[in-house]
Protein chains: 2
Amino acid sequence: MVSERAAPAHVTLEVVARYAGVSPATASRVLNGTTRVRDELRERVLAAADLLGYIPNAHAQALASASSQVVGVICHDVSDPYFAAIASGVMRAASERGLLMMLASTFRDPSREIAYVSTLRAQQARAILLISSGFQDRAWERAMSAELDPYLRGGGRVAVVSRHRTLRVDTVLPENRAGGAALARALLDLGHRDFAVLTGPRALTTVSDRLGGFRDALARAGVDLAPDQIVEGAFTRDGGYDACSGLLQRGLRATCVFAITDVMAIGALAALRDHGLRVPEDVSLAGFDDIPIVRDLSPPLTTVALPLAEMGEAVMALALREPPHRRSRVARFGGEVVLRASTAPP
Amino acid sequence: MVSERAAPAHVTLEVVARYAGVSPATASRVLNGTTRVRDELRERVLAAADLLGYIPNAHAQALASASSQVVGVICHDVSDPYFAAIASGVMRAASERGLLMMLASTFRDPSREIAYVSTLRAQQARAILLISSGFQDRAWERAMSAELDPYLRGGGRVAVVSRHRTLRVDTVLPENRAGGAALARALLDLGHRDFAVLTGPRALTTVSDRLGGFRDALARAGVDLAPDQIVEGAFTRDGGYDACSGLLQRGLRATCVFAITDVMAIGALAALRDHGLRVPEDVSLAGFDDIPIVRDLSPPLTTVALPLAEMGEAVMALALREPPHRRSRVARFGGEVVLRASTAPP
DNA sequence: ACGTTATCAGAAAGCGCTTTCAGAAACCGC
DNA sequence: GCGGTTTCTGAAAGCGCTTTCTGATAACGT
């Protein structure tokens, strides 16, 4: 009767230890397996912990041992399939290692990226991973370094997806430039000479690298890209739709449209269709990323494949590798052109 | 010179306080704004904190104040657009409230759901949110309750997306049953009488509710669903593809296929196409969820719309509302049929 | 001018754990 | 059988903060 309504209080290590008739030190040792403990005591502690439903307080553990099981992940936009796929790879890598993942989404605002680094520092994250699209801006870079440097000096680990100009950290680098170039060559091989491009914000290295690679490869083939056939839009499905609509309104002179990301390509496909154009009969369309859904579009989308989940696993591996930061390392991924039915000879 | 290489040590509250010439207590009060402090001291503390780049240790804060800024989210599968969309809503709700989100993905294994609850308890999460598809299994329910109950008694908050039979917690409930029924009626109205269904694991309430609602509505109209036209597959794109392929091999006798989720419908669409069937001319196809991509398929998919992001925000609101758990509450969402071009009269 | 109340700052306890440190007990060889 | 190891356990310090509690100082009324 009484025992049944006994307040469970807070079952702390102290309670377990008392119950087992040992000191908290011994109980801690048993529970963590740090040191041999006489079998009899071991059993008593284990039994007590189990019986009382003991759950250690991770804050106390972290504070006392100055270490944590948590990695922080800052993601450009979790609701975008590209970033979600990478985050999913990070998630998998984390659970393999028994780590917990604190996930923050900046919803496309680079300044929040910096704020979150600070927050994750406060949380004593063992590593901070940035899943971004790169951002080139002096003030931003300075502020980010000001957050990252003390963290690194304090033993924190940092790794980043996508190219950043001045951040001295481990990097997972999608082959944006080479991929853009390879795509251009593939499209040239199909016979296209007139291109239009739907880009995202130029301040993102992801955008400028892809566009740069694409344009260079065209130039090398003696084909140039009319400035009025390059339209900038938001980095989203609707951004792609709007950019493509704008292009169509102004008069599309291209036989092939390159959307700088698959997500934008999805919007572009809708815009083309709404405008009565058939893909690829009237115009070819290509994207970049190979997010899972694009093979199920009709027509399936030609794109540049990136192993997104693998990149997520790699960014974790890079951050956690020993010894830390011999010198910031770069791991390159992807860049293979996947030709599908959305492109055809003009 | 010397000052430049001075070890930054760890900048703790103590260091800031000493530097400002006040006690740690005062520094704490200033930084948290808990109590009025003389302006002069205030300024000194703030200046010192800023100068030294002070970042509070969240573990110490949590330990001392017995409260945390972290909510734990356990997600069935982060790489599935349905769950990702809900998680994104949760994310938004978290950042609005200044909370941090610890995200775990069970990768479709219900037993890991229980393990993660325990882990998040250890992390002293202020709330635990389960984004699942429901699971009906006595042993599982018992084990889950055994984790949840002590957590709730200790002041923890819990809320769940999807119906669970015995869990006494706040629930965000998609209108699966009503939605399934409404979809059936809409398809009947189009003139269909012969249906096939691609389902997921029956142990998931999401599956059984949708299927139950669908079948009941058909029965009420005097139409029955041949058992051999119901095929169970994994809850994924490939599961949908395989289930649909199996159905086609065995001989499809239906004029309309209902896939229990949009994700499975995407796979089904691919299977139908690979089999040379046109949608909706040869067979109509409907899904459930209205994940963002399905309006961009061709044909756009008929489905039952659920406000996924909103549901994510709601599950957070439910968990955090005051006072806690007057009695577990249920918030219902969605269930509107969205007719698109993937369905047509037979 | 005196007692009374309101403000503000510091000392110190304590959150729940880990980890030296040191002592007790058991072991060894010769 | 005794010094010297080797094991094992407990006492206690301390991780970095918050929060009483207490004392000092200022402000107030009559």
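Here is the naming used below: chain letters follow the sequence lines, and residue numbers restart at 1 for every chain.
Here the P atom of nucleotide dC8(C) and the CZ atom of Arg42(B) are 12 Å apart, to the nearest Å. In this structure, CG of Asn32(B) is placed 8 Å from P of dT19(D), rounded to the nearest angstrom. Between the CZ atom of Arg18(A) and the C1' atom of dG16(C) there is a distance of 13 Å, given to the nearest Å. Across the protein-nucleic acid pair, Arg29(A) atom CZ and dT9(D) atom P stand 8 Å apart, rounded to whole Å. If you measure from atom CG of Leu63(A) to atom C1' of dC15(D), you get 4 Å, rounded to the nearest angstrom. Atom CG in Leu13(A) sits about 12 Å away from atom P in dT19(C), given to the nearest Å. The distance from atom CG of Asn57(B) to atom C1' of dG16(C) is 14 Å, rounded to the nearest whole Å. The CD atom of Glu14(B) sits 16 Å away from the C1' atom of dA9(C) (whole-angstrom rounding).
A salt bridge does not link Glu313(B) to Arg97(B): none of the charged side-chain nitrogens sits closer than 4.0 Å to a carboxylate oxygen.
Note that CZ of Arg163(B) and CZ of Phe135(B) are 13.5 Å apart. Values are rounded to the nearest 0.5 Å.
Relative to the ring axis of Phe107(A), Arg92(B) places its NZ or CZ within 45° and under 6.0 Å from the centre.
Counted by atom type alone, Ser162(B) and Ser132(B) present one or more donor-acceptor pairs between their side chains at under 3.5 Å. Checked by atom type, the side-chain pair Glu141(A)/Thr166(A) shows a donor-acceptor distance below 3.5 Å.
Nearest-nucleotide assignment on DNA chain C puts the 5′-proximal partner with Arg38(B), out of Ala25(A) and Arg38(B). Each of Gly21(A) and Ala64(A) was matched to the nucleotide of DNA chain D holding its nearest heavy atom; the match closer to the 5' end belongs to Gly21(A). Checking Pro24(B) against His59(A), the closest nucleotide of DNA chain C that is more toward the 5' end is the one next to Pro24(B).
Residue-level contact check: Ser28(B) touches the bases, meaning some heavy atom is under 4.0 Å from a base atom. Residue contacts shown for Ala66(B) are absent, as no nucleic acid heavy atom lies under 4.0 Å away. Within 4.0 Å (heavy atoms only), Arg36(A) reaches sugar-phosphate atoms of the nucleic acid but no base atom.
Proximity note for Ser65(A) (side chain, C-beta onward) versus dC17(D), dC17(C), dT18(C): the nearest is dT18(C).
Between Ser23(B) and the phosphate of dG10(C), there is a side-chain N or O to OP1/OP2 separation shorter than 4.0 Å. Between Thr26(A) and the phosphate of dG10(D), there is a side-chain N or O to OP1/OP2 separation shorter than 4.0 Å.
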